[in-house]
Amino acid sequence: MKIIELKETVTASNDRDAEVLRGELKQKGTLLINLMASPGAGKTTLLERTIRDMKDELRIAVMEADVDSDVDAVRIEKIGAKAVQAHTDGMCHMDAGMTRRALEGLGDEPFDLVFLENVGNLICPAEFDTGAGRCVMLLSVPEGDDKPLKYPLMFSKSDVLIITKTDVAPYFDFDVDACVSRARKLNPTIRVFAVSAKTGEGFEAWEEWVSEQVETWKY
Amino acid sequence: MHEMGIILHLAKSLEETAAEQDIKKITRVTLEVGEVSGIMTDYFVDCWNYFKKRHPVLDTAELVLETIPAVTWCDACKRTYPTVQYGRTCPYCGSGETWLLKGSECVIKEIEVED
Ligand SMILES: Nc1nc2c(ncn2[C@@H]2O[C@H](COP(=O)(O)OP(=O)(O)OP(=O)(O)O)[C@@H](O)[C@H]2O)c(=O)[nH]1
Ligand SMILES: [Mg+2]
Ligand SMILES: [Zn+2]
């Protein structure tokens with residue numbers, strides 16, 4: 001018998017698969033954005049509006065990781081973008097292997113931008129690299145500004161925090177500055193946008209960021 | 001089904017390691033599991049015992065879990081305290097501006113193999 005010290009995380013094999021997938025997507029010039037949030041934070045609504053605004057400029061597709069329905073995929077197709085149902089094999093998160101299979105489901109058509117609407121929860125998706133080029137998390141105003149304290153990993157892993165549903169702010173005590181400063185303690189470079197899909201507030205800045213990322217991803 | 005997802009990746013990581021290092025049998029796997037990793041240890045071991053049978057390199061491997069205590073940092077009074085006992089509120093100053101320092105990890109510490 002012999003002992004071998006490993007000291008690697010249990011998800012190391014997924015991390016390696018994700019790195020390979022990211023490389024392939026970079027070569028193809030397809031930016032994959034992993035969208036993570038709690039159930040009902042406004043992921044699909046944000047995508048609907050973003051696609052409407054950007055579909056003339058970019059070739060966009062969406063992968064919907066609902067555990068057991070195609071409701072969101074149907075909503076996206078109504079807007080006129082290609083959408084597939086990503087199968088999570090009953091899991092609470094998408095991993096690199098599932099993401100690869102979902103991408104295959106989109107066919108050979110080239111896309112500039114693919115969104116993955118991950119399974120709705122703030123814990124598990126943060127632990128599994130999907131191979132996405134960028135990670136974006138949503139936090140809706142009704143959820144509260146203390147979430148960076150409760151779900152630190154999600155905030156540390158995300159490149160962008162979008163505070164959604166700002167139109168309902170008058171009815172809640174969500175303190176944007178407190179939330180942002182908590183998030184920045186975990187992740188000093190996190191970009192923050194505050195949007196309302198109802199009024200359109202903040203969408204211009206968010207979409208400008210998306211355009212820039214798609215551009216830089218291609219080179 | 002968080003535990004099952006982790007076990008699938010754990011098994012795959014170990015198979016890859018075995019292939020790289022030309023290991024025929026892994027007899028024991030020791031994981032360091034943070035106190036607040038959210039992993040339910042009994043269920044985790046059940047999942048392991050079920051899945052290991054699918055992998056010839058792992059099928060007799062025993063899974064050993066070592067608990068890593070969770071420690072929280074208080075940003076208000078700059079002290080640390082045990083997370084499980086006090087949760088998110090600092091026992092020294094009552095502040096809620098607190099951060100988990102460690103205790104959420106799940107790391108493969110070592111494996112025992114047949115030579
Ligand atoms: N007031 C307001 N409501 C919003 C906004 N965005 C989304 N909603 C509402 O929030 C609810 C959930 O929105 P979805 O976009 O389905 O949320 P989701 O995150 O995709 O939800 P799941 O996929 O079920 O996790 C719907 O009733 C939306 O109409 C917003 O900016 N303002
Ligand atoms: Mg949705
Ligand atoms: Zn304190």
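Every chain is numbered from 1, with letters handed out A, B, ... down the list of sequences. Everything numeric in this text was worked out from a predicted model, so none of it was measured.
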Measure distances from [X] to the heavy atoms of chain A and classify the residue's part below 4.5 Å as side chain, backbone, both or neither.
| X | answer |
| --- | --- |
| B/L14 | side chain |
| B/E15 | neither |
| B/E112 | both |
| B/Q21 | side chain |
| B/I7 | neither |

Rounded at 0.5 Å granularity, tell me how far CG in A/D129 sits from OG1 in A/T99.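 Answer rounded to 0.5 Å: 9.0 Å.
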Can you tell me which residue among A/T9, A/T11, A/L6 is in a side-chain contact (heavy atoms from CB on, under 4.5 Å) with B/I108?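 Of the listed residues A/T9, A/T11, A/L6, the side-chain contact (heavy atoms from CB on, under 4.5 Å) partner of B/I108 is A/L6.
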Please state whether the side chain, the backbone, both or neither of A/R16 comes within less than 4.5 Å of a heavy atom of chain B.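 Contact with chain B is through the side chain of A/R16 alone.
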Using non-hydrogen atoms and a 4.5 Å limit, figure out which bit of A/D15 sits close to chain B: side chain, backbone, both or neither.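 When you check distances to chain B, no heavy atom of A/D15 falls under 4.5 Å.
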Heavy-atom pairs under 4.5 Å with chain A, option from B/E105, B/E110, B/K25, B/R28 with the top count: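 Max contact count across the listed options: B/E110.
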Using a 4.5 angstrom heavy-atom cutoff, name the option from B/L31, B/T27, B/L8 with the most pairs to chain A.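 Going by pairs under 4.5 Å, I would pick B/T27.
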Does A/R191 use its side chain to pair, donor to acceptor, with the backbone of A/D159 at less than 3.5 Å?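 Checked: no pair found.
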Residues, nucleotides or ligands: over 12 heavy atoms within 6.0 Å of A/K218 NZ: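 Enclosed.
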Mutual orientation of the aromatic rings belonging to B/Y81 and B/Y86 [parallel < 30°, tilted 30-60°, perpendicular > 60°]: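 Because their plane-to-plane angle is over 60°, the rings of B/Y81 and B/Y86 count as perpendicular.
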With distance as the sole criterion, is a donor-acceptor pair present between the side chains of A/T166 and A/E201 under 3.5 Å?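 Side-chain D/A pair, A/T166 to A/E201: present.
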Looking only at side-chain N and O atoms, does B/T30 offer a donor or acceptor that is under 3.5 Å from a partner on B/E66?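 Looking only at side-chain atoms, B/T30 and B/E66 do not form any donor-acceptor pair under 3.5 Å.
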